[in-house]
Amino acid sequence: MIEKENRRLRVGVLGCGPIAQFAHLESCVKARNADLYAICDAAPDLLARMGATYEPQKIYDNYDEMLADPDLEAVIVATSDAYHVPMSIKALEAGKHVLCEKPIGVSIEEGLQLAEAVRRSGRILQVGHMKRFDPALEAARDFVRDDIGQIFAMKAWYCDSTHRYTNTDAVQPLPVTSKLARKPAGNPKADLRQYFMLAHGSHLVDTARFFCGDIVAVRARLLERAGAYCWFVETEFASGALGHLDLTVAVRMDWHEGFQLYGENGSILAKTFNPWYFRSSEVEIFHEKDATTRKPLGADGHFFRRQLEGLADTALNGAPMRGADVEDGLASIRAMVAIARSVERGERVELASVTGAV
């Protein structure tokens, strides 16, 4: 049991759908330094069910009314992608900190608009790239920062599985749904290239940037075959390191995610699991200086709770931000747009030159 701190961030969750139920509501209840102060949803039946289950202090069916509550300090935006930017901007303008689900937007222009809103507000916006709070990956990141020296190359892969729902249905509770849920116009899965890139590619790109820094150019190819989508992305980092990113949806095998990273003073091999297992990555960190391999246990695999605690540490105590900020979110959008343009044009694309949507 995690011991609660005396001063805790008062958090409101916007959206009570599956991602909130599987990740964010529980995180607010379990966090050492945050409380589930309020929930908000347009569907009255869903709102009543989640209110009875998680017992927040306040329940709202109107977002503006929740934002007007002076005791509310932060908002988790757990809505469909199309609502991420406008709902985040509303919260910032109301003086609230924001934890926004990834991706923060679907276009570079949206990302720029949100970044400007963050600057104007003086508040914190953290993007829900929860893999940055995988304790084993954090240990690997510390090795990169402190000991590895110059990085040569990174090979990273994110391969969803044809069996992922069989696996996750066995470990997740049945989500509560509502016919009255508010949904964006159009079907977000109508364009599977865009949908898979936003849902999965955003994680892969952020992992690459987390370890190797800014991406400056990509050359991408896409193969669509037998219902699968496979992107191979040659990646250039600002440091001069080379990368290869593999995004495949879906492989005919178990969930397959991880990376290899080669550096001057060692290397890293990581295997990451389906996030709904709440299991930290298996990481091997090889130290060239004494020819030893170290494997952090990473016992606490609740990445979603840990990312909220990170936000609260920064908001309440001024701790350095450990999560992805709005500039990281914007950089992810740029990388995904560049990958899409490279596939379309069949050529190398620099991130600084792209505009538009994924």
Side-chain angles (χ1 to χ4, degrees), residues 102-103 127-145 148 150-161 164 196-223 228-251 253-264 266-275 279-286 295-296 298 303 324 328-329 331-340 342-343 348-349 351 358:
K102 60 81 201 165
V127 186
H129 286 301
M130 82 295 176
K131 293 177 188 292
R132 291 185 178 221
F133 291 87
D134 180 324
L137 295 186
E138 287 181 303
R141 178 65 173 80
D142 290 346
F143 175 62
V144 168
R145 182 192 62 211
I148 203 169
Q150 297 185 84
I151 294 173
F152 309 148
M154 180 186 199
K155 295 188 289 185
W157 49 93
Y158 186 114
C159 304
D160 199 353
S161 167
R164 64 92 55 94
F196 291 148
M197 182 57 65
L198 291 170
H200 305 302
S202 57
H203 280 306
L204 181 60
V205 166
D206 188 69
T207 296
R209 294 188 66 258
F210 184 50
F211 286 97
C212 295
D214 287 335
I215 298 170
V216 295
V218 297
R219 185 186 299 272
R221 298 178 68 188
L222 169 63
L223 175 67
Y229 292 71
C230 179
W231 287 264
F232 274 16
V233 185
E234 180 184 330
T235 308
E236 300 172 27
F237 294 97
S239 66
L242 300 178
H244 178 270
L245 308 181
D246 167 8
L247 173 64
T248 302
V249 185
V251 290
M253 57 184 291
D254 195 4
W255 184 280
H256 183 53
E257 182 181 357
F259 65 86
Q260 294 177 333
L261 192 150
Y262 312 129
E264 179 182 7
S267 61
I268 301 169
L269 176 62
K271 178 181 180 180
T272 296
F273 301 93
N274 186 305
R279 179 180 176 183
S280 181
S281 297
E282 291 180 353
V283 171
E284 297 181 3
I285 303 171
F286 181 79
K295 299 181 179 181
F303 328 113
D328 292 313
S332 290
I333 298 175
R334 286 191 184 279
M336 292 187 289
V337 171
I339 290 168
S342 181
V343 167
R348 175 182 177 273
V349 172
L351 270 65
V358 176

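- Looking at every heavy atom in both residues, F237 comes nearest to A208 through CE2-O, 3.8 Å.
- Distance CG/D134 to CZ/R279: 11.0 Å, rounded to 0.5 Å.
- Using a 4.5 Å heavy-atom threshold, the side chains of M130 and K102 count as separate.
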L245/L247 under side chain to side chain contact (heavy atoms under 4.5 Å, CB included): CA gap, chis, key distance, verdict: CA-CA 7 Å; L245 308 181; L247 173 64; over 6 Å; no
Could you go through D206 and R132, starting from their C-alpha distance and side-chain angles, then the distance that decides it, and tell me whether this counts as salt bridge (Lys or Arg N to Asp or Glu O under 4.0 Å)? CA-CA 9 Å; D206 188 69; R132 291 185 178 221; 2.9 Å; yes
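- Expressed to the nearest 0.5 Å, how far CD of E234 lies from CZ of R221 amounts to 11.0 Å.
- The backbone N or O of A338 lies less than 3.5 Å from no partner atom in the side chain of S342, so there is not a single donor-acceptor pair.
- Closest approach of V358 and I333 over heavy atoms only: CG2-O, 4.5 Å.
- Taking both residues in full, the closest heavy atoms of G201 and M336 are given as C-SD, 4.1 Å, listed atom of the first, atom of the second, then distance.
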Step-by-step side chain to side chain contact (heavy atoms under 4.5 Å, CB included) determination, D328 to V127: CA-CA 8 Å; D328 292 313; V127 186; 5.7 Å; no
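- Summarising the geometry of V144 relative to I148, their closest heavy-atom pair is O-CG2, 3.4 Å, with the distance given to 0.1 Å.
- Among F273, Y158, W157, the single residue meeting the ring pair (Phe, Tyr, Trp, His ring centres under 6.0 Å) criterion with H256 is W157.
- Checked by atom type and distance alone, the side chain of T248 never pairs as donor or acceptor with a backbone atom of D246 at under 3.5 Å.
- The two residues V218 and I339 come nearest to each other via the heavy atoms CG2-N, 3.9 Å.
- Note that OG of S281 and CD of E138 are 10.5 Å apart. Values are rounded to the nearest 0.5 Å.
- Here the SG-CZ distance, from C212 to F152, works out to 12.0 Å after rounding to the nearest 0.5 Å.
- Annotation for Q150: atom CD does not count as buried by contact number, only 12 or fewer foreign heavy atoms lying within 6.0 Å.
- Counting heavy-atom neighbours within 6.0 Å of R348 CZ, excluding the residue itself, gives a total above 12.
- In terms of heavy-atom proximity, L351 sits nearest to A331 at CD2-O, 4.4 Å.
- Between atom OG of residue S161 and atom CH2 of residue W255 there is a gap of 8.5 Å, rounded to the nearest 0.5 Å.
- Of the possible polar contacts, none joining the K271 side chain to the F259 backbone as a donor-acceptor pair under 3.5 Å is found.
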Going through the checks in order, is the side chain to side chain contact (heavy atoms under 4.5 Å, CB included) test met by F210 and H129? CA-CA 10 Å; F210 184 50; H129 286 301; over 6 Å; no
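- Proximity of F303 to K131: side-chain heavy atoms (C-beta onward) are nowhere separated by under 4.5 Å.
- Interatomic distance, OG1 of T207 versus CZ of R141, reported as 12.0 Å (0.5 Å rounding).
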Going through the distances and angles, do D214 and S239 end up as a side chain to side chain contact (heavy atoms under 4.5 Å, CB included)? CA-CA 8 Å; D214 287 335; S239 66; over 6 Å; no
